[in-house]
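Sequence positions, counted from 1, serve as the residue numbers for this chain.
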Amino acid sequence: MHAPGYAVWLPDGHPVAMDKYRALPAAIAALGQPVQLLAPAPAAQDWLEAVHTPDYVAAVMAASVPAAQERRIGFAVTPAVAARSLLVVGGTYLAACHALAHGWAVNGAGGSHHARADGGAGYCVINDLAVAAETLVRQGRARTILIVDLDVHQGDGTAVIFAGRADVLTFSMHAERNYPARKARSFRDVGLPDGMEDEAYLERLQAELPLLVEAHRPDLLLYQAGIDPHREDRLGRLALSDAGLIARDRMVAELARARGIPLAVTLGGGYGEPQLLAHRHALGLVAQWSVMQG
């Protein structure tokens with residue numbers, strides 16, 4: 001799923017590299033992988049209000065988010081940012097529907113896992129993972145969804161939104177000492193020490209995720225595939241290599257394929273030079289595609 005509106009203007013030097021979203025299709029094509037682009041529709045207001053408070057949704061849609069809330073988000077919610085937020089939610093929902101029908105799909109943005117019911121935070125305005133999952137469950141398209149969050153930062157907003165729920169489960173494996181300072185409680189949290197490298201990371205993931213999938217047999221894996229665990233990431237505290245991130249993504253895809261579970265992917269975090277970030281995202285996505293195609 002991709003749309004030109006995924007990349008909007010932010011001030012020069014901002015940590016969020018919007019150009020990575022624009023560069024992703026070409027980065028995938030450069031690896032020799034054909035790209036089929038599907039354009040999402042913006043999410044409906046009632047979908048957002050099933051997860052976020054009506055007052056916050058109204059403020060976002062009117063681009064009138066209070067300044068204190070914008071400081072928690074990390075940038076101003078302009079009309080373009082508001083439109084982008086609705087479009088990204090639509091993309092994650094469409095990717096999930098496509099995965100349910102065909103086995104695997106990617107939203108070329110998304111993974112805004114810090115946004116909570118009453119407001120955004122940490123460069124996240126609307127929680128596309130939560131809105132897509134809630135909408136799918138309400139529509140009866142899935143009975144149980146497992147959100148697999150492997151961003152370097154804990155998926156605290158998603159965890160709070162679905163706390164106590166049995167139909168949407170949250171798994172977050174993240175750098176324990178990274179943002180947010182005060183962690184939420186996911187269904188399953190795995191906090192990692194600073195500087196963890198490929199082998200130890202992959203061993204821990206292999207010890208955790210298959211057991212969770214086997215115990216709960218979800219109808220869909222909704223995967224936040226942030227590349228910020230990379231050792232060169234501006235905002236990361238882990239030390240994975242390109243090869244480690246590729247192995248991580250292959251592991252998730254192999255688990256989904258072996259269990260016959262559809263896999264929908266969002267990009268998640270990654271902070272640095274946009275073309276390099278797009279390349280890292282593309283490496284993992286192409287690896288997943290090769291697994292899912294057998």
Side-chain angles (χ1 to χ4, degrees), residues 16 43 47-53 56-57 60 69 72-74 85-86 88-93 95-96 99 106-107 109-138 141-176 178-192 205 208-209 212-213 216 218-229 235 252 261-270:
V16 176
W47 292 9
L48 307 185
E49 291 177 347
V51 167
H52 295 284
T53 64
Y56 179 62
V57 172
V60 170
Q69 181 71 73
R72 288 192 289 273
I73 292 169
S85 300
L86 272 64
V88 169
V89 174
T92 297
Y93 171 79
V106 179
N107 186 16
S112 298
H113 57 173
H114 298 308
R116 301 191 180 196
D118 60 351
Y123 310 141
C124 301
V125 179
I126 296 291
N127 194 317
D128 60 293
L129 297 162
V131 175
E134 180 69 20
T135 303
L136 292 166
V137 168
R138 290 189 176 212
R141 293 175 180 264
R143 291 172 298 176
T144 305
I145 296 173
L146 176 60
I147 298 176
V148 177
D149 193 328
L150 300 184
D151 197 272
V152 81
H153 308 101
Q154 190 205 33
D156 59 317
T158 320
V160 170
I161 288 168
F162 292 117
R165 294 273 293 267
D167 50 358
V168 182
L169 307 177
T170 55
F171 170 72
S172 180
M173 191 164 116
H174 51 266
E176 182 64 26
N178 211 325
Y179 178 92
R182 180 176 295 178
K183 302 294 188 287
R185 180 176 292 181
S186 306
F187 183 81
R188 175 63 180 159
D189 282 302
V190 180
L192 304 175
L205 183 59
E208 295 281 349
L209 188 55
L212 195 57
V213 169
H216 298 280
D219 299 313
L220 174 71
L221 297 183
L222 191 51
Y223 178 26
Q224 209 275 27
I227 57 167
D228 42 11
L235 301 183
V252 174
I261 303 172
L263 175 63
V265 186
T266 65
L267 290 198

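The nearest pair of heavy atoms linking P218 to I261 is O-CG2, 3.6 Å. Between A166 and L169 the shortest heavy-atom distance is O-CD2, 3.9 Å. Nearest approach of V51 to A117, heavy atoms of both residues: O-CB, 3.4 Å. Closest approach of S85 to I126, counting heavy atoms only: CB-CG1, 4.1 Å. Looking at every heavy atom in both residues, S186 comes nearest to A159 through OG-CB, 3.5 Å. For the residue pair S172 and G155, the shortest heavy atom distance occurs at OG-N, 3.3 Å.
Scored by the side-chain hydrogen bond (donor to acceptor under 3.5 Å, both in side chains) test, N107 finds Y6, T92 as partners (sequence neighbours excluded). The salt bridge (charged side-chain N to carboxylate O under 4.0 Å, His left out) test applied to R72 returns no partner, not counting sequence neighbours. Shown here are the ring pair (Phe, Tyr, Trp, His ring centres under 6.0 Å) partners of Y93, two or more places apart in sequence or in another chain: W47. Every residue two or more places apart in sequence or in another chain that forms a side-chain contact (heavy atoms from CB on, under 4.5 Å) with A142 is listed here: I145, D219. Taking the ring pair (Phe, Tyr, Trp, His ring centres under 6.0 Å) definition, one finds that F171 meets it with nothing, sequence neighbours left out.
Contact annotation: the side chain of V213 approaches that of L146 to within less than 4.5 Å [non-hydrogen atoms, C-beta and beyond]. At least one side-chain heavy atom of L205 sits under 4.5 Å from a side-chain heavy atom of L150. For the pair V89 and T135, the minimum side-chain heavy-atom distance is 4.5 Å or more. Taking 4.5 Å as the limit, some side-chain heavy atom of V131 sits within range of a side-chain heavy atom of H52. Counting heavy atoms from C-beta on, the side chains of H153 and D228 come closer than 4.5 Å. Within the 4.5 Å cutoff, the side chain of T158 has no heavy atoms near those of the V168 side chain.
Here the straight-line distance linking atom CG of L48 with atom CG of L86 works out to 5.0 Å at 0.5 Å rounding. We find the CD1-OH distance between I147 and Y223 to be 14.0 Å, quoted to the nearest 0.5 Å. How far CG of D156 is from OG1 of T170: 10.5 Å, rounded to the nearest 0.5 Å.
Not a single donor-acceptor pair under 3.5 Å links the side chain of D128 to the backbone N or O of V88. With hydrogens and angles disregarded, no donor-acceptor distance shorter than 3.5 Å links the side chain of Y123 to the backbone of H114. Of the possible donor and acceptor atoms, one in the side chain of N178 sits under 3.5 Å from a partner among the backbone N and O of L235. With hydrogens and angles ignored, the 3.5 Å screen pairs a side-chain donor or acceptor of Q154 with a backbone N or O of A184. Formation of a donor-acceptor pair under 3.5 Å by the H113 side chain with backbone atoms of N127 is not found in this model.
Residue pairs meeting the salt bridge (Lys or Arg N to Asp or Glu O under 4.0 Å) criterion with at least one member in residues 182-191, sequence neighbours excluded: R188-E208.
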Would you check, one step at a time, whether the test side chain to side chain contact (heavy atoms under 4.5 Å, CB included) holds for V125 with Y56?
CA-CA 10 Å; V125 179; Y56 179 62; 3.6 Å; yes

Under the criterion salt bridge (charged side-chain N to carboxylate O under 4.0 Å, His left out), I'd like the reasoning laid out for R116 against D118: C-alpha separation, chi angles, the key distance, then a yes or no.
CA-CA 6 Å; R116 301 191 180 196; D118 60 351; over 6 Å; no

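Across V148, D151, V190, a single residue satisfies side chain to side chain contact (heavy atoms under 4.5 Å, CB included) together with M173, and that is V190.
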